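So the structure is just underneath, and the comments pick up after that.
Atoms within each ligand, like the ligands themselves, are counted from 1 in listed order. As the structure is a prediction and not an experimental result, all values here were calculated from the model.
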Amino acid sequence: MNLRGVNHQLVKIQNRNLILKLIYERGSISRQEISRIIGLTPATVTNITGELLEEGFIVELPSFEERSGSGRKAIPLAINPTSGYVIGVDVGPRIIRIATSDLLGHLSNIDSFCYDPQDGEKLPDILIERLKVLKDDRNIIGIGIGIPGLVDSTSGELKVSPNLGWRNLKLADPIEDALELPVAVENNVKAMALGEKWFGKGKKSNNFVLVYVSLGIGAGIIMDGKIYRGANNGAGEIGHTVVSEGGEVCNCGKRGCLETFASARAIVKRFKGTPGDEDTDINEIKIAVEKGDEKAREIVERAGHYLGVGISNLVNMFDPEMIILSGRVIRLGKVLLEPMRRSLESRLFSTDRIRIEISEFGKEIGLYGASALALQRFFYEKEEL
Ligand SMILES: [Zn+2]
C-alpha cells in the first residue's frame with residue numbers, strides 16, 4: 001500500500017507519464033483519444049502534450065477527419081524518434097555489445113568486443129573509453145547497462161555475478177561522472193523483458209515473462225507494466241529452481257536446478273561429454289538432430305521437457321498473458337519447443353494454454369533491453385519519487 005501523500009507536482013508527472021506511455025503504445029493518437037482513454041480533461045491533455053511538443057519528444061502528424069462524426073480535425077501525435085538517443089550496453093560473459101538507439105528502439109552503431117572477465121574491476125574504465133566515442137553531437141539522453149547477476153538498480157551496483165565471478169562492482173557512479181549522463185544498470189534478463197515491453201512482443205501487454213535460455217537460464221517478469229524485482233533483486237531466477245530433486249550438481253552448488261538440464265552449457269556437455277563452445281556447439285547439435293542423430297534428439301527433447309516444467313511453475317505463480325522466449329537454446333526450434341509445450345501445458349492450473357512467443361530480437365535482445373532501460377530512466381524515473 002502506498003502511504004505517501006500525492007502532491008500536485010507528482011500528479012502532473014504521473015499524468016505526463018501516462019500520456020507518453022499511451023503514445024508509445026498506440027504509435028499515434030489524437031489528443032481527443034488520449035483524453036477519452038485516460039480520463040483527463042482536454043485542457044490538461046493539451047497542456048501536457050504542448051510541453052512534450054516543445055521539448056521535441058513528440059510531433060504532430062498530418063491530420064485526419066475524426067471518424068466519430070462532426071468532421072472536426074483530429075491531429076495524431078507520435079513519438080519523434082530522432083529527438084533523442086540512448087546508448088545501450090549489453091555485458092555478456094565474454095563479449096560486450098554496445099549500440100545507439102533512437103526513441104523507438106532503432107539501433108545503430110552496433111559494436112561488439114571481447115574482454116577478459118578476470119578484469120571485473122576494470123569494467124567501468126573499459127566502458128567509459130568505448131562510450132566516449134559514441135557520445136557524438138546527437139542528443140544523447142542516457143545510458144543503459146544490462147549485466148548478468150544480482151543488480152541493485154537503485155545504486156547502479158552489481159552485487160554479485162556468479163557466472164562472471166564479480167562482486168560489489170559500482171557501475172553507474174563512475175560512468176555517470178565521466179560521461180555526465182544518467183546511467184541505469186539492471187540485470188540483463190530483466191532489462192531484456194523491458195526491451196520487449198518497449199519495442200517488442202510485449203508492447204501491448206502489462207503482464208508477461210521473458211525467459212532467456214542461454215549459458216544460464218533467467219526470467220524477466222513484467223508485472224503491471226513494470227519489472228518485478230523482488231526483495232533482493234533476485235526475482236526470476238528460474239534457472240535455479242529445482243526441477244528434479246537429487247539431480248546433477250549445478251554451478252550454484254545445489255542439485256537438480258533447471259540449468260543442469262536445459263542451459264546451453266548443460267546441453268553441450270551432455271552431447272559432447274565435455275564443456276564446449278556453447279554457441280557453435282548448439283548449432284552443431286541442431287544440425288545433428290536434423291540429420292537424425294538419436295542421441296542429440298533425446299538430449300534436446302529432455303531439455304525441452306524440463307524447460308516446460310520450469311516455465312509451468314512460473315505460469316502457475318504469476319499468471320502471465322504470455323511467455324516470450326529468447327536465447328541461443330531456443331534456436332534449436334521445434335524439437336525443443338514441442339516437448340516443452342507438452343510438459344508445460346500438462347502442468348498448468350488455472351488455464352489450459354499459454355501464449356508462447358519467440359522474441360524477434362535475436363542476438364540483439366540485450367541491446368534492446370539496455371536501450372529500454374535508459375529510456376525508462378529518462379522518461380519515467382520521476383514516477384518513483
Ligand atoms: Zn542452480
Side-chain angles (χ1 to χ4, degrees), residues 91-94 117 120 146-152 158-169 186-193 209-221 227-279 281-282 285 299-318 320 323-330 332 336 339-340 343-344 347 365-366:
V91 180
R94 284 183 296 250
I147 189 163
L150 287 181
V151 174
D152 180 343
L158 175 74
K159 290 296 181 190
V160 59
S161 185
N163 282 345
L164 297 173
W166 299 344
R167 226 164 235 290
N168 299 325
L169 184 64
E186 185 57 270
N187 163 272
N188 60 339
V189 182
K190 289 185 176 69
M192 289 171 195
V209 180
L210 178 276
V211 180
Y212 186 65
V213 192
S214 191
L215 283 188
I217 304 175
I221 301 157
I227 297 175
Y228 176 68
R229 297 192 173 85
N232 301 296
N233 299 300
E237 291 293 344
I238 182 187
H240 301 287
T241 54
V242 175
V243 291
S244 169
E245 240 186 325
E248 274 182 41
V249 178
C250 177
N251 64 5
C252 74
K254 298 178 190 72
R255 279 181 184 275
C257 294
L258 177 58
E259 281 195 9
T260 64
F261 292 96
S263 66
R265 204 167 267 159
I267 293 172
V268 167
K269 198 174 149 208
R270 193 153 284 141
F271 183 67
K272 299 214 135 185
T274 51
D277 172 358
E278 292 84 359
D279 206 10
D281 295 344
I282 282 288
I285 294 170
I299 290 169
V300 174
E301 283 178 348
R302 186 166 179 260
H305 169 81
Y306 281 105
L307 195 57
V309 175
I311 295 176
S312 73
N313 291 334
L314 268 182
V315 174
N316 288 338
M317 197 92 71
F318 294 103
I323 298 289
I324 304 176
L325 298 171
S326 178
R328 70 192 79 185
V329 172
I330 302 304
L332 289 164
L336 175 95
M340 183 202 81
S343 80
L344 163 59
R347 288 174 171 78
I365 188 167

Within-4.5 Å side-chain heavy-atom neighbours: Leu307 and Leu258: yes
Over 12 non-hydrogen atoms of neighbours within 6.0 angstrom of CZ in Arg347: yes
Results of salt bridge (Lys or Arg N to Asp or Glu O under 4.0 Å) for Lys254 - residues two or more places apart only: none
Residues forming a salt bridge (Lys or Arg N to Asp or Glu O under 4.0 Å) with Glu301, sequence neighbours excluded: Arg297
Heteroatom count (protein N, O or S) under 2.8 Å of the Zn ion (ligand 1): 4
Phe261 to Arg302 - nearest heavy-atom pair and separation: CE2-NH2, 3.3 Å
Residues in side chain to side chain contact (heavy atoms under 4.5 Å, CB included) contact with Pro320, at least two apart in sequence or another chain: Val209, Val315, Phe318, Ile323, Ile354
